Enquirer: 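Sharing a structure here in structure tokens format.
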Amino acid sequence: MVTRKKSGPSTDGAGSILSTVAGPSDPTLPGSLGSTHRGAERLLDKAGGEADLADERPFHATKALEYGDAARTPHTGEAYASSTPLATASTSTENIASSKVGAGIPHLGDNALNSSLDRVRADATEQRLTTNQAVPVSNNQDSLKIGLRGPVALEDFVLREKITHFDHERIPERVVHARGSAAHGYFESYQDLCQLTRAAPFAQAGKRTPVFVRFSTAVGERGSPDTARDVRGFAVKFYTDEGNWDLVANNIPVFFIQDAMKFPDVVHALKPEAHHAMPQASSAHDTFWDFASLSPEITHMLMWLMSDRAIPRSYRMMQGFGVHTFKLVNANGDVRLCKFHWTPLQGTHSLVWDEAVMLRGIDTDFHRRDLWEAIEAGNFPEYELGLQVFTEDEAATFPFDILDPTKLIPEELVPVFPVGKLILNRNPDNFFAETEQVAFCTQHIVPGIDFTNDPILQGRNHSYPDTQLTRLGGPNFHEIPINAPLAGVHNNQREGFHRQTVNRGRVNYEPNSLAGGCPFQAGRAGFVSVPDLAAGNKVRGKPELFADHYSQARLFWISQSAPEQAHIIDAFRFELTRVETLAIRVRMVAGLVNVDAALARAVAAGLGIAVPPPLPLATTLPLPVYAPSPALSLLSRPGVAGIRTRQVAILVASGTDGALARAIYTALLDDGAVPRLLGQRLGPVSSLDGQPLQVEITFEASPSVVYDAMVLPGGDDAAIALGRDPRVIDFVREQYRHGKPILAIGTGADVLAQAAIPPTLPDGCDDPGIVNANANLATQALKQFKTALARHRTFARETDPPTV
């Protein structure tokens, strides 16, 4: 059994262990990943064990036995013992335990499915009747009606689940959000919220609820790129002790449309055009903008979609919003209204458009890889859950309708208060079984949470489970392990495609006596809908306040920083430039006139057209005037994690100051960053101190846009070699153009000069993102560099067109 050596205390090559692409030619493992976190040690052991197993088999020794006479006798295949159980693990985080993922201790060579049917048998003796999400059922005799003689309410999810299951008892990619990545973790409540809600996750301070979270893009197909300009899904499945709660959120707090009747239309318009199936994962085409320019209620959403929110730097660095207004209900039946907010503790950061476009060709899995690598390295993503809570009476005073999903509630009007933390600490073992098969449905709620009459929410409640019936093969999708509740499921549903549970007994109905009346309905202990009084004529239409299509779009615009506003203008120009039909471009700009005159003028100038008259308004009511809301700018949330997880390229060639490069490498690791030694070829490069540096990855395999910053550690010969390489010059220029922090020590500055990088900003001021220093001042320079890296970007470098 081969056991790979470690390089003592050295961290050489640690960045390669923390990454999933390439690595040095030297087989020696780093002695440390620069972190005392136990997860880092496990990741290092896993990498070593995997390499050991690969070393054991230099060639296929039994291949010749497949041919001729030798093939007549079946042969035993090769097998090798691993130096560590981690070598064959899907993830180094498999030891992270919870009541959902289990104890985290693998039984090597065992398949838990190969056991008796006791594993899947269920019995309902002395158990309450529940839904398939383990939510207790209060009344199994009557559907939810508007009055005793009134119509049945569409929101009756208990009825829909029961009938739908029955309809499908006799017996394929998601339409939207097909492209996704996911992780396990837990939610920890900061406090007891029983005065607000009886929802199980908030029952006491410190209570932990297992979760599974899936991030996604909305429009593209399953194989589309991660960095497309798009809405991102942020769906959280809470495995509570009273059933599953799915908080199906997006990274944008508003929606395209105001009624679910239009949902097929907006998705059809966004998807590739029907006649030639182009473009993929893009809204920059005629059908979408034709729809948008004729649907002014979309304007607020468009402002978010054209902003940097639509191209996040990472799933770990984007907010999530429940979009709709929900109800919180306590044990006494008292009701408050609520909006849900997820805020990343890593800060809210984005890509710039040029980066996003390049990444689509370089690494279509950029966000998926980023999430996986961070969790594997023990840099667990963290988000804080905040609530906006208010009453019906307070809502009546707002200048908008809280049932309108194209509107948000400014934080200045109703502050967000934090109630708990979400931590993602374990990658899935199998992408298909977990990430692909997980089913999120807005209708999956638990006692203590209820729906409002938001027409999009009501429509989603019907659409989502209906989608799963087709996608996951029938009404038993709740029995797929990743979807299964931790709370017990007990009801009288028995059949349908893919049934897993083997129920004892002959009774599959209620009421019954042959099973002792079980499972019995839970009464008040179960889910009880808020008894709202609803009366009115049947009508197809929307409330008057829904007709304000522009005031909150204007609020978003005036709340953005100057660079963010410039990016919105550029995005509209790019998208509408690709539109073939001139009338659509003109119509779209006419809508922007109602948002802001300067915005409309800038977009019109970029399209080479005159500013048209504004589109007519849909209401005669006076439009509200909002003050800027700083919370709507990405720059308002820099985060508290410093430079942790930031990817830093250290450019090396023969003659590099190796001692300084190693010192910078180690210092970055110490603060949680991920440094990597980049060179022209894999293998060793000579160093001024006589200790060669092992190149970890090449420029062709890892271009500039993959990194958050770059370092040129100096050395005369290295500076000459790097300055003569056009790929290096392109790398440096892209780092500059994208606002990345740059550290140049000694002759490293010569490479910047060779790339024509100006030492100052376009306005003549010093560039805070470029740090130049002699080697004797490297410590102070590195401190300045880390400060710039924590800021993420220097937007003041941007010009249109770029100067570099």
Side-chain angles (χ1 to χ4, degrees), residues 155 189-199 201-203 234 236 245 247-250 252-255 258 300 304 319-343 383-420 442 445-458 460-461 528-534 542-546 548 551-552 555-556 559 621 623-632 636-637:
E155 71 175 68
S189 182
Y190 288 159
Q191 56 191 298
D192 181 340
L193 292 180
C194 290
Q195 77 282 5
L196 279 178
T197 175
R198 60 173 285 202
F202 311 113
F234 191 135
V236 183
W245 171 33
L247 180 50
V248 189
N250 287 333
I252 292 175
V254 293
F255 211 63
Q258 294 176 320
H300 189 193
W304 288 78
Q319 287 180 281
F321 304 92
V323 179
H324 310 291
T325 301
F326 289 85
K327 293 175 181 175
L328 299 179
V329 188
N330 65 19
N332 297 323
D334 302 323
V335 179
R336 296 289 188 275
L337 301 176
C338 174
K339 292 266 195 178
F340 295 103
H341 296 245
W342 293 110
T343 299
Y383 308 82
E384 201 163 57
L385 178 63
L387 307 182
Q388 284 180 299
V389 177
F390 51 99
T391 66
E392 287 274 13
D393 290 341
E394 290 170 328
T397 68
F398 298 163
F400 51 87
D401 195 320
I402 54 97
L403 299 182
D404 181 354
T406 68
K407 307 294 194 300
L408 55 78
I409 303 177
E411 293 186 29
E412 292 75 18
L413 185 61
V414 179
V416 176
F417 69 95
V419 298
T442 56
I445 57 175
V446 293
I449 298 169
D450 205 349
F451 309 117
T452 61
N453 293 334
D454 179 329
I456 293 291
L457 176 58
Q458 297 276 330
R460 292 175 83 188
N461 285 347
V528 179
S529 296
V530 174
D532 285 343
L533 177 65
K542 291 179 279 289
E544 183 70 19
L545 283 180
F546 278 45
D548 171 14
S551 61
Q552 288 212 353
L555 165 64
F556 183 79
S559 301
L621 295 176
L623 299 184
V625 177
Y626 296 92
S629 175
L632 296 179
S636 69
R637 293 178 171 84

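Hydrogens, waters and symmetry mates play no part in the numbers below; they use all other heavy atoms, side chains included. Because the structure is a prediction, the values reported are computed rather than measured.
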Enquirer: Applying ring pair (Phe, Tyr, Trp, His ring centres under 6.0 Å) to W245 and F326, what does each step give before you reach the verdict?
Expert: CA-CA 13 Å; W245 171 33; F326 289 85; 8.0 Å; no
Enquirer: Counting only heavy atoms not in E392, do more than 12 sit closer than 6.0 Å to its CD atom?
Expert: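 Not buried by this count: 12 neighbours or fewer within 6.0 Å.
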Enquirer: Could you tell me which non-hydrogen atom of S636 sits nearest to which non-hydrogen atom of A631, and how far apart they are?
Expert: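 Of all heavy-atom pairs spanning S636 and A631, the closest is OG-O, 3.6 Å.
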Enquirer: To the nearest 0.5 Å, what is the distance between CD on Q552 and OG on S559?
Expert: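 Nearest 0.5 Å value for the CD-OG distance: 10.0 Å.
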Enquirer: I need the minimum non-hydrogen distance between V414 and V389, along with the two atoms involved.
Expert: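 Residues V414 and V389, closest heavy atoms: CG1-O, 3.7 Å.
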Enquirer: Which value, rounded to the nearest 0.5 Å, describes the distance between L408 atom CG and I252 atom CD1?
Expert: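 Result: 11.5 Å between the selected atoms.
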Enquirer: Distance check, rounded to the nearest 0.5 Å: L413 atom CG versus T397 atom OG1?
Expert: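 The distance works out to 7.0 Å.
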Enquirer: Starting at CD of Q388, measure out to CZ of F321 and round the result to the nearest 0.5 Å.
Expert: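 Here the rounded value is 9.0 Å.
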Enquirer: Are the side chains of W304 and L632 in contact, using a 4.5 Å heavy-atom criterion?
Expert: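 A side-chain contact under 4.5 Å exists here.
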Enquirer: Please round to the nearest 0.5 Å and tell me the distance separating atom NE2 of H324 and atom CZ of F340.
Expert: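 CZ of F340 is found 12.0 Å from NE2 of H324.
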Enquirer: Side chains of L403 and F546: does their closest heavy-atom pair fall under 4.5 Å?
Expert: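 Sidechains of F546 and L403: in contact.
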Enquirer: Are any side-chain N or O atoms of H300 and backbone N or O atoms of T406, one a donor and one an acceptor, separated by less than 3.5 Å?
Expert: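 A pair under 3.5 Å: yes.
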Enquirer: Is any side-chain heavy atom of N250 closer than 4.5 Å to a side-chain heavy atom of F255?
Expert: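 Contact flag for N250/F255 side chains = yes.
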Enquirer: Might you point out which heavy atoms bring T197 and G448 nearest each other, and give the distance in Å?
Expert: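 Answer, listing the atom of T197 first, then G448: OG1-O, 2.7 Å.
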Enquirer: Output, in order, the C-alpha distance, side-chain angles, deciding distance and verdict of side chain to side chain contact (heavy atoms under 4.5 Å, CB included) for L196 and F202.
Expert: CA-CA 9 Å; L196 279 178; F202 311 113; over 6 Å; no
Enquirer: Would you say S629's side chain and P410's backbone share a donor-acceptor pair under 3.5 angstrom?
Expert: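 It does not hold such a pair.
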Enquirer: Distance only, no hydrogens: is a donor on one side chain within 3.5 Å (strictly under) of an acceptor on the other, for D404 and Q258?
Expert: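 Looking only at side-chain atoms, Q258 and D404 do form a donor-acceptor pair, the distance falling under 3.5 Å.
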Enquirer: For residues 334-343, which residue pairs qualify under salt bridge (Lys or Arg N to Asp or Glu O under 4.0 Å), counting only residues two or more places apart or in two chains?
Expert: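 Checked against salt bridge (Lys or Arg N to Asp or Glu O under 4.0 Å) - neighbours excluded - no pair reaches residues 334-343.
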Enquirer: Under a 3.5 Å threshold, yes or no: a donor from one side chain and an acceptor from the other, between Y626 and E412?
Expert: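 Distance-only check fails for Y626 and E412.
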Enquirer: Check whether any side-chain heavy atom of L621 sits under 4.5 Å from a side-chain heavy atom of D548, and report yes or no.
Expert: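 The answer is no; the side chains never approach within 4.5 Å.
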Enquirer: Between K542 and D401, is there a side-chain heavy-atom distance shorter than 4.5 Å?
Expert: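 No, side chains not in contact.
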Enquirer: With a 4.5 Å heavy-atom cut-off, do I409 and F390 have their side chains touching?
Expert: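 When only atoms from C-beta onward are counted, F390 and I409 do touch, with a gap below 4.5 Å.
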Enquirer: Starting at CZ of F451, measure out to CG of D532 and round the result to the nearest 0.5 Å.
Expert: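 Going from CZ on F451 over to CG on D532, the span is 12.5 Å.
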Enquirer: Between the main-chain N or O of T452 and the side-chain N or O of Q458, is there a donor-acceptor pair closer than 3.5 Å?
Expert: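 Such a contact is found between Q458 side chain and T452 backbone.
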Enquirer: Quick check: closest heavy atoms across G322 and A249, and the distance to 0.1 Å?
Expert: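 What the structure gives for the nearest pair is N-CB, 4.0 Å.
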Enquirer: Can you see which heavy atom on D454 is nearest to which on I456, and at what distance?
Expert: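 Shortest heavy-atom separation between D454 and I456 comes out as OD1-N, 2.9 Å.
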Enquirer: Under a 3.5 Å distance rule, please check whether R198 uses its side chain to pair with a backbone N or O of N332 as donor and acceptor.
Expert: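 Flag not set: sc R198 to bb N332 has no pair under 3.5 Å.
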Enquirer: With the side chain counted from C-beta on, respond yes when L385 and W342 share a heavy-atom pair under 4.5 Å apart, and no when they do not.
Expert: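 Yes, their side chains come closer than 4.5 Å.
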Enquirer: Give me the atom names and distance for the closest heavy-atom approach of N330 to C194.
Expert: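 Taking every non-hydrogen atom into account, CB-O, 3.3 Å.
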Enquirer: I'd like to know if E155 pairs up with K327 as an ion pair, taking the criterion as any Lys NZ or Arg NE/NH1/NH2 lying under 4.0 Å from an Asp or Glu carboxylate oxygen.
Expert: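 Looking at K327 together with E155, the answer is no, because their closest N to O distance does not fall below 4.0 Å.
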Enquirer: For residues E384 and Y190, determine if any side-chain heavy atom of one lies less than 4.5 Å from a side-chain heavy atom of the other.
Expert: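 Yes; the side chains approach each other to less than 4.5 Å.
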Enquirer: I would like to know whether V416 and T343 meet side chain to side chain contact (heavy atoms under 4.5 Å, CB included); could you show each step before the answer?
Expert: CA-CA 10 Å; V416 176; T343 299; 6.0 Å; no
